[in-house]
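Every number for a ligand or one of its atoms is a count from 1 in the order of the listing. Since the model is a prediction, treat every value here as computed from it, not as a measurement. If you read the sequence from its start, that first residue is 1, and numbering goes on from there.
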Amino acid sequence: MTNSSPATRNIPGRFLQKTCTVVVVFCGLHLSVTMLYYFNTFEIIKNSVFAANSQQAKNINVSTVYPTTMLQTVKESTAPFKRESVETKTKELEQCPETSPLLVGPLRIEFSEPVDLEEVKKQNPALQGGGRFTPKDCKALQKVAVIIPFRQREEHLKYWLYYLHPILQRQQLDYGVYVVHQNGDETFNRAKLLNVGYAEALKEYDYDCFVFSDVDLIPMDDRNIYKCFGQPRHLSVSMDKFGFSLPYTQFFGGVSSLSKEQYVKINGFPNNYWGWGGEDDDIYNRIVSKGMGISRPDGIIGKCRMIRHNRDVKNEPNPQRFDRIARTRETMNSDGINSLSYKVVEIKKNTLFTEIIVDIGSPGR
Ligand code: UDH
Ligand code: NGS
């Protein structure tokens, strides 16, 4: 039997106690590190889900992009009042930058999934009624009316709205979308509908730029800005259906833009091209005959996709188109915005666009 003092007898106990404390501290440390890592990973996953949707703007904190003087409201302390209240005061906005910081560049455009317009509305909460938008943090450089000639292309229109609204907002434009719907089943007349869009949009707002877009064309890069330039602009320069190139140098079809001044200079567009083809060549002739040229983005930024479709009924190739484009110079001063006549049937304000249903008559009337 060994005799030991109480102090010596407690040595294993104290050792055990110390070990336990170390283990508990270590476990606590380990748990905190794991939690930290877990929450960080969660944030990363959350962010990457948003980034995967190429239609959303990058999550940019506006106050980090603009100096605070550009923000719309300022808070003021109201000392004389008993109850503390916060007053907002509108401040003059500074102009938006020449190049929007919100642009993301190339976009993934596909037409495999159907579009739900209710979802599109939710994805674009900043839209005002009638497809109107104004940047809230800066003053847009241009007021743009986007005009779409339309009849029986509902599915195409859904894709257009789904893709274009976020793009136009990232481009920081003060814009409105006008769908000009030809009433009845007479032969289609694209250029006359575009004239109607111009006239009707101007009744609503002091637009200084007009973008004319087919309903089935979607840009593949948001750096292709839907605004006006020093010369009339052709925007759909690199279409997938033409192997991402121009079908011919004078091609002005698909999507184009003209400032109010440029449009007036050419007396608008012809009203007498019923059926498919030639009206865009006539517009080109008008521009050149007034001493202007065509401006275009480069072939990379100007890439776009067309939604494949069959020829529409009542839009058969116009047999008169070749004769007409040969005589643009003779006819353009008397046929155009100065001779436009039509009857508005109804104007419908949707959240995503303004629909103008119009009776434009028939060929020969
Ligand atoms: N449009 C309509 N409804 C019509 C006809 C034309 O909304 O019934 C509008 C629409 O915005 C369209 C634009 O007018 O994008 C131009 O008309 P289009 O699509 O007929 O012209 P595009 O050159 O097609 O795109 C021509 C027919 C191609 C047939 C190809 C067969 N494989
Ligand atoms: C030309 C047409 C244009 C038309 C272009 C592309 O031939 O109106 O083809 O058409 N001009 C005449 O017919 C005089 S497309 O292949 O996109 O349907 O825009």
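Of the heavy atoms in Tyr248, only side-chain atoms (C-beta onward) come closer than 4.0 Å to ligand 2. The part of Asp312 lying near ligand 1 is the side chain, judged by heavy-atom distances below 4.0 Å.
Under a cut-off of 6.0 angstrom, the local environment of CD in Glu261 is sparse, with at most 12 non-hydrogen atoms contributed by other residues, nucleotides or ligands. For Asn338, the CG atom counts as densely surrounded, since its 6.0 Å shell holds more than 12 non-hydrogen atoms of other residues, nucleotides or ligands. Other residues, nucleotides and ligands contribute only 12 or fewer heavy atoms inside 6.0 Å of the CD atom of Glu113. More than 12 heavy-atom neighbours from other residues, nucleotides or ligands sit within 6.0 angstrom of CD on Glu186. Heavy-atom neighbours of Lys121 NZ from other residues, nucleotides or ligands within 6.0 Å: above the threshold of 12.
Between Asn315 and ligand 1, a contact under 3.5 Å exists for at least one N or O pair. Annotation: Phe322 places no N or O atom under 3.5 Å from an N or O atom of ligand 2; distance criterion only. Residue Asp216 has at least one nitrogen or oxygen atom sitting less than 3.5 Å from a nitrogen or oxygen atom of ligand 1, judged on distance alone. The distance criterion of under 3.5 Å between nitrogen or oxygen atoms is met by Trp276 with respect to ligand 1. An N or O contact shorter than 3.5 Å links Val215 to ligand 1 by distance.
The option from Met239, Arg190, Glu279, Arg321 that lies nearest to atom 13 (O) of ligand 2, judged by heavy atoms, is Arg321. Residue nearest to atom 18 (P) of ligand 1, selected from Arg153, Arg190, Lys241, His156: Arg153 (by heavy-atom distance). The heavy atom nearest to atom 9 (C) of ligand 1, considering only Ala191, Pro149, Gly277, is found in Pro149. Taking all heavy atoms of Asp280, Asp282, Ile283 into account, the minimum distance to atom 3 (C) of ligand 2 is reached by Asp280.
Remark: Lys158 fails to qualify as a cation-pi partner of Tyr162 under the 6.0 Å distance and 45° angle criteria applied to the six-membered ring. Geometrically, Lys303 engages Phe244 in a cation-pi contact, judged by NZ or CZ lying under 6.0 Å from the ring centre and within 45° of the ring axis.
Looking at Ser236, its side chain does come within 3.5 Å of a backbone N or O of Gly253 through a donor-acceptor pair.
Residues Phe111 and His309 place their aromatic rings such that the two centres sit no closer than 6.0 Å. A ring-centre distance under 6.0 Å is found for Phe212 and Phe269. The distance between the ring centers of Tyr198 and Tyr263 falls below 6.0 angstrom.
Of all protein heavy atoms, the one closest to atom 28 (C) of ligand 1 is His309 CE1, 4.2 Å. The single protein non-hydrogen atom nearest to atom 29 (C) of ligand 1 is Arg311 N, 3.8 Å, given as residue, atom name and distance. Protein heavy atom at the shortest distance from atom 16 (C) of ligand 1 is Asp214 OD2, 3.4 Å. The nearest protein atom to atom 6 (C) of ligand 1, hydrogens excluded, is given as Phe188 CE2, 3.2 Å; this is a heavy-atom distance. Taking atom 3 (N) of ligand 1 as the reference point, the nearest protein heavy-atom neighbour is Arg151 O, 2.7 Å. Protein heavy atom at the shortest distance from atom 15 (S) of ligand 2 is Lys241 NZ, 3.3 Å. Here the protein heavy atom with the shortest distance to atom 6 (C) of ligand 2 is Phe251 CE1, 3.8 Å.
Between Phe150 and Leu157, some side-chain heavy-atom pair lies under the 4.5 Å cut-off.
Listed by number with element, the atoms of ligand 2 under 4.0 Å from a non-hydrogen atom of Phe242 are 15 (S), 16 (O), 17 (O). Listed by number with element, the atoms of ligand 2 under 4.0 angstrom from any heavy atom of Gly277 are 8 (O). Counting atoms of ligand 2 from 1 in the listed order, those under 4.0 Å from a heavy atom of Asp281 are 2 (C), 3 (C), 8 (O), 11 (N), 12 (C), 14 (C).
Under a 4.0 angstrom heavy-atom cut-off, Trp276 registers as being in contact with ligand 2. Heavy atoms of Gly278 approach ligand 2 to within less than 4.0 angstrom.
The two residues Asp280 and Arg190 have their closest heavy-atom pair at CB-NH1, 4.4 Å.
When only modelled atom types and interatomic distance are considered, Glu204 and Tyr178 share a side-chain donor-acceptor pair under 3.5 Å.
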